Amino acid sequence: MTNHKGNFLDLLKAHDCQTQLDLPATASNGTSPPIQETEGTTVLAVRYKDGVLIGGDRRATAGNVVMYDRAEKLLQIDEHSVLAIAGSPAMAYEMARVLEHSFQYFRRSQLQELSIEGKLRTLSRLIRENLPMTLQGIGGVIPIYAIYDLQNDDKNGGKIFFYDALGAHFESADFATSGSGSVWIRGVLFYQNRWGDKPLADMDEQEATVTVLRLLDAAAEYDSATSGYNPKSNIYPTVKTITKDGIQDLSVDRLQEIYAESVETTYAR
Amino acid sequence: MLDEPYRWLEAVNNRRDYIEDQLRGGSPVVGLRYDDGLLLVTIGRGQRKIFEVHDRIALSAIGHSADIERLRMMATDTASVQGFQSSVDDVTLHRLTNFVLGPTIKQSFEAIFGSAYIIKMLLAELGARGEGDGFIALNYDGTVQSNQDREVIGGTHEAETAMQNYLSAADASESSLTTALQLALETWVVGWELGVQETDADSDEEANEGAELTMDKERLHGVLRDELQAGEIEGAVLETSRRSNNKFRLLTLAEIDAAIADWL
């Protein structure tokens with residue numbers, strides 16, 4: 001029996017089992033992609049008082065077609081981390097699945113939790129291996145990875161990392177955004193954090209949620225591939241908190257309440 | 001000479017004696033169902049003995065630590081690959097024990113020129129939707145024994161019988177974790193005492209006698225106190241109410257202390 005040192009990808013190889021990320025990139029003539037690819041859109045994470053609050057819209061598009069209006073873009077990887085995906089869902093879901101199984105396999109085989117650095121590198125490797133696809137203009141994924149660091153949480157263990165297409169990871173002090181709608185909101189977050197009523201890090205869950213929902217609404221206003229709140233089918237963006245106690249989804253009731261109170265309102269004219 | 005059937009049987013029997021000798025003195029493991037899932041308990045001396053295999057499967061064993069490690073990795077690898085390839089719902093204890101571990105153990109047990117696994121395993125699985133919970137014990141010859149509510153492994157057959165007898169008088173399936181943990185620890189003492197004793201031929205009778213003798217709880221708690229000088233209680237649960245797909249967790253010190261506080 002081989003010892004895989006807790007590396008799940010090596011274990012899969014030893015069992016002749018492929019992930020979908022291993023599938024070869026198709027031959028390309030270097031022009032436009034051969035099919036209209038489904039893409040996911042706006043996600044953002046902010047460091048607030050108790051950890052990280054992370055939000056995402058629900059729309060998946062292929063070209064100008066809305067493929068799906070209930071896409072889940074915030075994927076729980078383990079008890080204290082979430083991958084927020086933007087880009088190709090096919091690759092992103094598989095990456096999330098590989099990550100989840102990798103971390104579990106490491107813990108189960110090595111009898112200790114994989115370190116945060118180890119988790120970040122695993123994700124880096126997956127993004128790096130996906131580069132040939134990304135270069136073809138299909139299958140690219142640029143995620144945000146948010147985690148609560150239990151070893152280091154005397155003040156606030158919330159940590160946000162974002163990636164580039166080559167797999168480099170960067171830690172962000174206050175917030176991160178990704179997806180086609182993110183260009184509209186990144187500057188707003190900077191403004192809010194620097195000159196707003198209070199910095200993001202001092203916000204409580206309610207305040208951070210209001211900020212995130214408003215920004216998703218703003219992204220939906222300018223980016224056709226991002227959905228805001230859909231009143232016809234009662235679909236809200238998803239919001240999760242990552243704190244010392246684990247991961248919590250904000251319920252639809254709570255989102256509904258916050259929406260009515262603080263997002264749908266505008267200045268009186 | 002081994003091509004004669006009688007010689008072969010003799011060799012297998014010798015091997016049986018040899019393995020049983022090696023297993024004697026192993027610290028028993030007790031598996032019990034309680035009101036929020038399944039509990040596995042033992043007392044160890046430094047080496048960890050209870051492991052997470054998959055979302056709903058836990059493993060414990062007595063025997064040679066290298067053998068435990070090899071089979072634990074085999075179980076973990078198989079479950080992990082299968083869970084990834086199709087779905088975590090397709091990883092079941094029955095498939096793991098009857099198609100993977102059982103045949104592997106039996107094969108090396110009967111390959112009399114090779115080395116046999118010196119091991120007894122106790123595995124637990126929390127079924128989906130409240131059905132199919134249960135324990136499976138695997139013997140060193142690859143035989144499989146299953147029970148929904150309780151199962152034990154110990155250093156000797158007599159120790160196991162005595163523990164089963166002790167458990168049959170009680171039912172922990174509706175008990176809290178603390179109560180179930182207390183019952184499991186008492187059962188451990190029953191098995192531990194018999195496991196380290198030399199045994200005679202008509203040992204089943206003796207085991208029953210032993211069980212009656214050990215029904216005195218005060219005395220059991222006293223033995224436990226002594227054993228805790230050198231050993232440490234190790235326990236884990238597959239917890240139905242746990243808010244995660246992954247149902248396994250080790251017991252905390254506080255949970256263990258709550259169970260034994262009155263006995264110390």
Side-chain angles (χ1 to χ4, degrees), chain A residues 1-23 72 75-82 93-114 122 126 148 150 240-251, chain B residues 44 46-61 65-91 96 100-101 104-105 107-108 114-115 117 119 123 234 236 238-239 241-250:
Chain A
M1 173 150 307
T2 348
N3 179 1
H4 307 288
K5 302 196 176 67
N7 189 320
F8 187 62
L9 293 170
D10 293 349
L11 173 74
L12 289 179
K13 279 196 191 108
H15 282 77
D16 282 330
C17 175
Q18 283 192 323
T19 73
Q20 288 180 31
L21 306 173
D22 293 331
L23 299 180
E72 178 58 75
L75 309 175
Q76 177 167 352
I77 302 299
D78 56 26
E79 270 157 49
H80 287 95
S81 75
V82 171
Y93 285 147
E94 185 70 355
M95 267 183 202
R97 218 165 71 85
V98 172
L99 278 189
E100 184 186 351
H101 286 261
S102 296
F103 299 171
Q104 280 180 346
Y105 180 68
F106 187 90
R107 186 187 64 240
R108 286 169 181 156
S109 62
Q110 307 301 300
L111 306 179
Q112 66 182 52
E113 195 70 35
L114 185 60
T122 310
L126 295 180
Y148 196 91
L150 287 170
K240 287 181 198 287
T241 58
I242 311 169
T243 64
K244 180 159 95 262
D245 304 322
I247 294 165
Q248 195 81 51
D249 286 298
L250 263 73
S251 69
Chain B
Q47 284 254 355
R48 201 172 139 179
K49 289 184 53 161
I50 304 177
F51 306 97
E52 168 188 8
V53 171
H54 208 254
D55 286 2
R56 295 173 159 273
I57 298 176
L59 175 154
S60 58
S65 54
D67 287 340
I68 295 176
E69 191 56 25
R70 266 166 77 194
L71 289 173
R72 176 182 84 81
M73 285 308 289
M74 180 182 287
T76 308
D77 287 1
T78 309
S80 299
V81 171
Q82 285 184 351
F84 180 81
Q85 243 174 344
S86 55
S87 159
V88 290
D89 296 338
D90 295 323
V91 179
L96 210 53
V100 181
L101 295 174
T104 305
I105 296 174
Q107 194 178 22
S108 67
S115 64
Y117 287 107
I119 198 165
L123 297 106
E234 183 184 344
L238 292 165
E239 196 174 41
S241 65
R242 193 169 152 79
R243 223 191 45 192
S244 162
N245 289 336
N246 187 36
K247 301 296 183 190
F248 178 94
R249 71 175 179 84
L250 292 172

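In what follows, every heavy atom counts, from backbone to side chain, and hydrogens, waters and symmetry copies are set aside. These numbers come from a predicted model, not from an experiment.
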- prompt: What's the verdict on side chain to side chain contact (heavy atoms under 4.5 Å, CB included) for B/Val88 and A/His101, showing C-alpha distance, side-chain angles and the deciding distance?
  reply: CA-CA 10 Å; B/Val88 290; A/His101 286 261; 3.9 Å; yes

field: Intermediate values then yes/no, side chain to side chain contact (heavy atoms under 4.5 Å, CB included), B/Arg243 and A/Gln248
entry: CA-CA 10 Å; B/Arg243 223 191 45 192; A/Gln248 195 81 51; 3.3 Å; yes

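- A cation-pi arrangement is not found for A/Arg108 relative to B/Phe51, the charged atom failing to lie both closer than 6.0 Å to the ring centre and inside a 45° cone about the ring normal.
- Contact of the B/Arg242 side chain with the A/Glu79 side chain is registered, since non-hydrogen atoms from C-beta on lie closer than 4.5 Å.
- Closest approach of B/Arg72 and A/Ser109 over heavy atoms only: NH2-O, 2.8 Å.
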- prompt: So B/Gln85 and A/Leu12, side chain to side chain contact (heavy atoms under 4.5 Å, CB included) or not? Walk me through it.
  reply: CA-CA 9 Å; B/Gln85 243 174 344; A/Leu12 289 179; over 6 Å; no

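- When side chains are defined from C-beta on, B/Glu52 does not count as touching A/Leu111, because their heavy atoms never get closer than 4.5 Å.
- Using a 4.5 Å cut-off between heavy atoms, B/Ser80 touches chain A through backbone and side chain atoms alike.
- Smallest separation of non-hydrogen atoms from B/Gly83 and A/Arg97: O-NH1, 4.5 Å.
- When all heavy atoms are compared, the tightest approach of B/Asn246 to A/Arg107 is ND2-NH2, 3.0 Å.
- Few gaps surround NZ on A/Lys13; more than 12 heavy atoms of other groups in view lie less than 6.0 Å from it.
- Aromatic rings of A/Tyr105 and B/Phe84 (six-membered ring for Trp) have centroids beyond the 6.0 Å cut-off, not under it.
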